[in-house]
Structure formats: structure tokens, C-alpha cells
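The chains referred to below are lettered A, B, ... by the order of the sequence lines, with proteins before strands, and numbering in each begins at 1.
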There are 2 protein chains.
Amino acid sequence: MEKTQSTLDELDFAILSCLQKDGRMSFTEIAEHLNVSVGTARTRLNRLIEDGVISIIGRVDPDKVGFKAYAHVAVYIRPATLKEQVAQTISKMPEVSFLASTSGDYDLEVDVMCPTNNDLVEFINEISTIEGIYQTKTTLYFKVYKYAQPDLNLLK
Amino acid sequence: MEKTQSTLDELDFAILSCLQKDGRMSFTEIAEHLNVSVGTARTRLNRLIEDGVISIIGRVDPDKVGFKAYAHVAVYIRPATLKEQVAQTISKMPEVSFLASTSGDYDLEVDVMCPTNNDLVEFINEISTIEGIYQTKTTLYFKVYKYAQPDLNLLK
DNA sequence: ACTACTATCTAAATAATTTTTAGTTTGCAC
DNA sequence: GTGCAAACTAAAAATTATTTAGATAGTAGT
């Protein structure tokens, strides 16, 4: 069992800020920025990653890479008791980039990336057959204006 | 003026896949995985980053870091001609993590991360005063089941 | 078919970074 | 005060990144 760090201090936030800007920033560079030793920067960063506070990932531009259909699918479930089960099933599908339960009039929100509109139609047909899903409403994203990390300065 | 690479080959996709898993993977390790020289791995990856095909970022876990209110806001705009202008205004707000125009009955989707529910209410009050926004509908995300990168295998 | 041009890849030396190791400092409980 | 644990620092060793020069392949022009 791991001990999860309960609170983050100034240094942790400063490290997180660095990595939000450039996930490949070296330990050395981070250390210089923050006036701590390389060892400290390394220990802190590794712990943040281990604790799941931050993960360094390569985020591809869906459009540039060939995903031409990006959509939002509102999913309605009945009976409500099947929600968890449906969520588990959907979360395993590779087209799904985001899945969450909501307070809205629909139960689950599914964001999907597909190579073509055809693939999107097929995806929606596929999930419509899942037990518990009795309706879906699909909305296409036409243009993405912003896709950003939360601004940590809001927490201060 | 830069020439943007129009097509991505097998090697590019393989590099993107590596980085989706671990954005801090070293050039050396990537090169070994893919059986190319370190120089090649480096040139390719740097080009992918320059061209904006991929960006290596630190993604923080909003909840762990202190964002306790994550919501989806549907924004209705009238007259429609103000859409671009409203989008530019909203995209500058630090709470906004995602902004897109949609094909749905609302015009813009805004995803917002706030430290508390109070901050969320204030945010919604604030955008409601923007010229052109005549209605908003807010949906809270209760539980996020999945938040992933698109699966590049779907493109093959 | 030959030459020149361009782009991509490789390989080896040099520069820089990461990792390990040992030691220091600090705070806290006994 | 003593013992202990956590966090930081600093310097050597191991690894990785960058630079440089050169090899290879494809393409356009003659």
C-alpha cells in the first residue's frame, strides 16, 4: 500500500506548472527555474507522477492525425441501476476519449473520436445495442477553440 | 514560412504511440523500441512537435489538485453572427478547459474547472453577461470514468 | 544516363542530463 | 539530549542528448 501525499506545497505546484507548459522539461532545467537541487526536483516530480497527481502524455492533434469526426454523445440509461455496468462497457471502447456520469437529463456523456463520419455512425449503432441504453443524442464538434490544462493559479 | 508535413508514415505513428504512453520516454528508448538510430528518433519527434501533431504536456488530475467542480456548459447565442466573437472572449478565461462550436441545439460547448461550486456559479454569472449569450445550461460531471488519448490503431 | 539537389538516415565524439550514493539539515518523539 | 525519519544537497558514475560529418536514396533537369 502506498501513502498518498495529502497536500501539495508551493514547490509541488511550481513543478506542476513547469510540466503543464513542457512535459519534457529536464529535471536540471526545472531545478534551475525553482532554485532547488536536481535531486529534489526529481524526487518531487517522480512522487507527483506516482501519486497520479500529474501524468506526462503526448497529446496528438486529432484532426492532424486523421480523426475527422469528433463528437459528443449523450447516453440515456434505463433502468438506472445499469449505469455502472454500461459505463464499464463503454470505457473499454477505443473510440472513447472521455466518459463521465452527469447531473443532466442524460446519464452518461461519451466523447468519441473516429476516423470518418461513417465510423462514428457505426460506433453509435454499436453502443445503442448495449443493454440499458435506451436512447442516445449525438452532437458533432465543428471547431475546437481551446483544449487546455486547468490554470493552477485559480487555486491560490 | 514552415512546410507542414502532409502525411505521417509508419515510423511517425509508432513514435506517437510511444509518447501517448509515456511523454518522458527518452530518444534512446524510443530508438531502441523502433529499431532506428537515436538521431532519427529525435529528428522525427522534434518535427512532430514543431508541426503541432503532438504536444507533450503534464496533465494534472483536477480533483487531486483541488478542482472540485467540473462542469459542461451549453451556451446559446443570438444573434448567431456573434458566435466567433463570443468564442474568442470565452477562450481567454482561465477556468475554461475546452471550448468548441457544435452541431447541437446550443452553439458553443464550454467545459469548466473551478476550485469550488461557488466559483462555478460565479463563472456562469460572468459569462451570462457577455454580449450575444442569451442562455446557458450547466451540467455537472459527477464521476469521470475515462479520459484518454485517441487510439491510433483505429486509423489503420 | 549523368549530375546536382534535397531529404533522410546513421554513427561516433562531445556535451549535457540523469541516477546513484553519501552526507547534511530539520523536525519530532521519547 | 538522543534517536529516528523525512527532505534536501552535492558530487561521482552512468546514461542520454546534441552535434557533426558522412552515407544512402529519391527526384528534377540536362
Mind calculating the distance between [atom1] ([X]) and [atom2] ([N]) to the nearest angstrom?
{"X": "B:Asn46", "N": "D:dA17", "atom1": "CG", "atom2": "P", "result": "11 Å"}
{"X": "B:Arg47", "N": "C:dC9", "atom1": "CZ", "atom2": "C1'", "result": "11 Å"}
{"X": "B:Arg44", "N": "D:dT18", "atom1": "CZ", "atom2": "P", "result": "18 Å"}
{"X": "A:Leu45", "N": "C:dT18", "atom1": "CG", "atom2": "C1'", "result": "12 Å"}

- Do other residues, nucleotides or ligands put more than 12 heavy atoms under 6.0 Å from the NZ atom of B:Lys137? no
- Item | Any side-chain donor near an acceptor of the partner, A:Tyr145 and B:Glu84, under 3.5 Å | yes
- side-chain N/O A:Arg42 vs C:dT19 OP1/OP2, d < 4.0 Å: yes
- List the steps and the verdict of side chain to side chain donor-acceptor pair (under 3.5 Å) for A:Thr40 and A:Ser37. CA-CA 5 Å; A:Thr40 300; A:Ser37 74; 3.0 Å; yes
- Query: Can B:Asn125 and B:Ser128 be said to form a side chain to side chain donor-acceptor pair (under 3.5 Å), step by step?
  - Reply: CA-CA 5 Å; B:Asn125 287 341; B:Ser128 298; 5.4 Å; no
- Query: Which is it for B:Asp9 and B:Arg44 under the salt bridge (Lys or Arg N to Asp or Glu O under 4.0 Å) test, yes or no, and what are the steps along the way?
  - Reply: CA-CA 11 Å; B:Asp9 64 14; B:Arg44 290 293 192 111; 2.9 Å; yes
- Query: Is there a path from B:Phe98 to B:Ile130 through hydrophobic residues (I, L, V, M, F, W, Y) whose side chains come within less than 4.5 Å of each other?
  - Reply: no
- Message: Among residues 21-39 of chain A, which ones have heavy-atom contacts with DNA chain C below 4.0 Å?
- Response: A:Ser26, A:Phe27, A:Thr28, A:Val38
